[in-house]
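Just so you know, ligand 1 is whichever comes first in the structure, and atom 1 is the first atom listed for that ligand. When reading the values below, keep in mind they use all heavy atoms of this one structure, side chains included, and skip hydrogens, waters and symmetry mates.
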Amino acid sequence: MSILVVGSVALDTVETPFGRAEDALGGSATYFTAAASFFTRVQVVGVVGTDFPRGGIEFLESRNADLAGLTHRPGKSFRWSGAYSFDLNSRETLDTQLGVFSDFEAHIPEAFRDAEWVFLGNIDPTLQLDVLNQVRRPRFVACDTMNFWIEGKRDELLALLGRVDMILLNDSEARELSGDHNLFRAAKWIQARGPRFVVIKKGEHGAILFSPSSVFFAPGYPLEEVFDPTGAGDSFAGGLMGSLAMSGSLEEADLRRAVVYGSAMGSFAVERFSIQRFENLQIQEIMDRIHQFRDMMVFELPLPVNLNV
Ligand code: AMP
C-alpha cells in the first residue's frame, strides 16, 4: 500500500513577517512525502539539479522514501520564492524557476508501475498526465495544482481532471479554475469535469470535502503560533492520502477521517520553516492532535424540545 507521488522537489526562498529562509528544502513532493511517510512508504518521482543539497536527499531518506524515481540532472533545481502577508493567509509568488523540471520526462521505475495510490502533486499537468499514463491500474488518483498551472496550462489541467478521482486545491484556485466566486458552485463545476471528490482548502479556516452526495467540513487546527504556511497544502495531501492508503477504503467515513488527518498534518507543517517540524515529529503528537480534532468537532444533537414559535 505504498503511495506514488510526483511533484516538485525544490529549493524555496520564503519571507514571512517572522523571518526569511533562503534555498530551504521545499517542493510539493517533498512536503507530501514528509507527511505521508508517517503512514506508509512513499515512492517519489521527480528531478533535482546538481545544486541540490545532500541534506535534502538525506531528509527524504530519513523518512524511508523510495527514491528510485528521483532523477539527478545537470542544471538547476526547481526554485520557488514567495512572500506572506501579515495575517499569513495570502501569499505572493515572487519567482518560479522550473530549472531541470522544464524538460523533464519521467520514466517510472518498473517497481512503481503497480502503485494503487497515486498523488499527482503540484507540477506541470503534462508531467502529471505523463506519470499517470505509466501507472497500470491505480485504485485512487488524487491531484493538486496551483494558479501558475491554471493560468499557464489550462487545457492540460482540464484533460487531467477527467482522469483523477480527487482534486485538492485552495479556495482562490477553485475560484480561478471554475470562474465562479461561489465555492459550492465551483466544486460542482469541477466535479462535472471528472473528479468525484473535490477538496477545497481554506488555509487556517479548514477544508471542505465535496463527495458526490455530501459535504464535509474539517476545521483548521487552532494554532497559536504559525511560522511559515509553505507546504501546508502538500502536507495536508500527504496526511489525507496516507490515511486513505492505510485504511484501504474509500467509504465516506474513511474519506472524512482522511480529511481530518490531512488538516492535522498541514497544521504541523506551518509550525516551523521548511520541513523542520517533520524532522522530530512523534507519532504520539499526531494522535494527540487527531483526538483534539475529534473533541472540537463533537456536538449534541438538536435540543430535545421543539423550538419556540
Ligand atoms: P503549498 O504551500 O502546499 O501550496 O506548497 C508550496 C510548495 O510548492 C513550495 O515548497 C514550492 O516549492 C512548491 N511550488 C510552488 N509553486 C510551484 C509550481 N508552480 N509548481 C510546482 N511546485 C510549486
> Against heavy atoms of M146, which atoms of ligand 1 measure under 4.0 Å?
15 (C), 16 (N), 17 (C), 18 (C)

> Are side-chain heavy atoms of T33 and F278 found at a separation under 4.5 Å?
no

> So, S85 side chain and S90 main chain: donor-acceptor pair closer than 3.5 Å or not?
yes

> For atom 8 (O) of ligand 1, which candidate among V9, T13, L11, D234 holds the nearest heavy atom?
D234

> Membership question, hydrophobic clusters at under 4.5 Å side-chain separation (ILVMFWY): are F273 and L94 in the same one?
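Result: no, two separate clusters.
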
> Counting each atom of ligand 1 from 1 as listed, which ones have a heavy atom of T230 under 4.0 Å away?
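Near T230, meaning under 4.0 Å from one of its heavy atoms, ligand 1 has 2 (O), 6 (C), 9 (C), 10 (O).
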
> Heavy-atom distances under 4.0 Å decide this one: backbone, side chain, both or neither, for A232 against ligand 1?
backbone

> Strictly under 4.0 Å, does any heavy atom of W149 approach an atom of ligand 1?
yes

> Using a 4.0 Å cut-off to any heavy atom of A10, which atoms of ligand 1 qualify?
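The list of qualifying atoms is 12 (O).
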
> What atoms of ligand 1 come closer than 4.0 angstrom to any heavy atom of G233?
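Result: 3 (O).
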
> Determine the interplanar angle of the F78 and F101 rings, folded into 0 to 90°, and report it as parallel if under 30°, tilted if 30 to 60°, perpendicular if over 60°.
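Rings of F78 and F101: perpendicular, as their planes differ by over 60°.
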
> Do any heavy atoms of F236 fall under 4.0 Å from ligand 1?
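No, F236 has no heavy atoms under 4.0 Å from ligand 1.
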
> Answer yes if the side chains of S28 and S8 hold a donor-acceptor pair under 3.5 Å, and no otherwise.
yes

> Number the atoms of ligand 1 from 1 as they appear, then name those within less than 4.0 Å of a heavy atom of Y31, with their elements.
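In order of numbering, the contacting atoms are 10 (O).
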
> Going through the distances and angles, do D288 and Q292 end up as a side-chain hydrogen bond (donor to acceptor under 3.5 Å, both in side chains)?
CA-CA 6 Å; D288 289 347; Q292 287 164 342; over 6 Å; no

> If you measure only the distance, is there a donor-acceptor pair under 3.5 Å linking the side chains of Y84 and T230?
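Note: Y84 and T230 side chains meet the donor-acceptor criterion.
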
> F148 heavy atoms, cut-off 4.0 Å: which ligand 1 atoms fall inside?
19 (N)

> By the definition side-chain hydrogen bond (donor to acceptor under 3.5 Å, both in side chains), identify the one residue from T96, D51, D95 that meets it with R79.
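It is D51; the other options fail the test.
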
> Do any nitrogen or oxygen atoms of D12 lie less than 3.5 angstrom from nitrogen or oxygen atoms of ligand 1?
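Yes, at least one N or O pair falls under 3.5 Å.
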
> For G26, take its heavy atoms, then give the atoms of ligand 1 lying under 4.0 Å from any of them.
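What qualifies from ligand 1 is 10 (O).
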
> Would you mind running through ligand 1 and noting each atom that sits below 4.0 Å from a heavy atom of S8?
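Those qualifying, in numeric order: 13 (C), 21 (C), 22 (N), 23 (C).
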
> Determine whether any heavy atom of R91 lies closer than 4.0 Å to an atom of ligand 1.
yes

> Look at atom 2 (O) of ligand 1 and say which protein heavy atom is nearest, naming residue and atom and giving the distance to 0.1 Å.
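Heavy-atom neighbour on the protein nearest atom 2 (O) of ligand 1: G231 N, 2.7 Å.
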
> Report yes or no: is the cationic atom of R289 (NZ for Lys, CZ for Arg) closer than 6.0 Å to the six-membered ring centre of Y221, at no more than 45° off its axis?
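Output yes; distance and angle both within limits.
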
> Nearest to atom 21 (C) of ligand 1, what protein heavy atom do you find, and at what distance?
N122 O, 2.9 Å

> Check the pair E110, R136 against salt bridge (charged side-chain N to carboxylate O under 4.0 Å, His left out), reporting the backbone distance first and the verdict last.
CA-CA 10 Å; E110 181 56 32; R136 290 192 187 97; 2.5 Å; yes

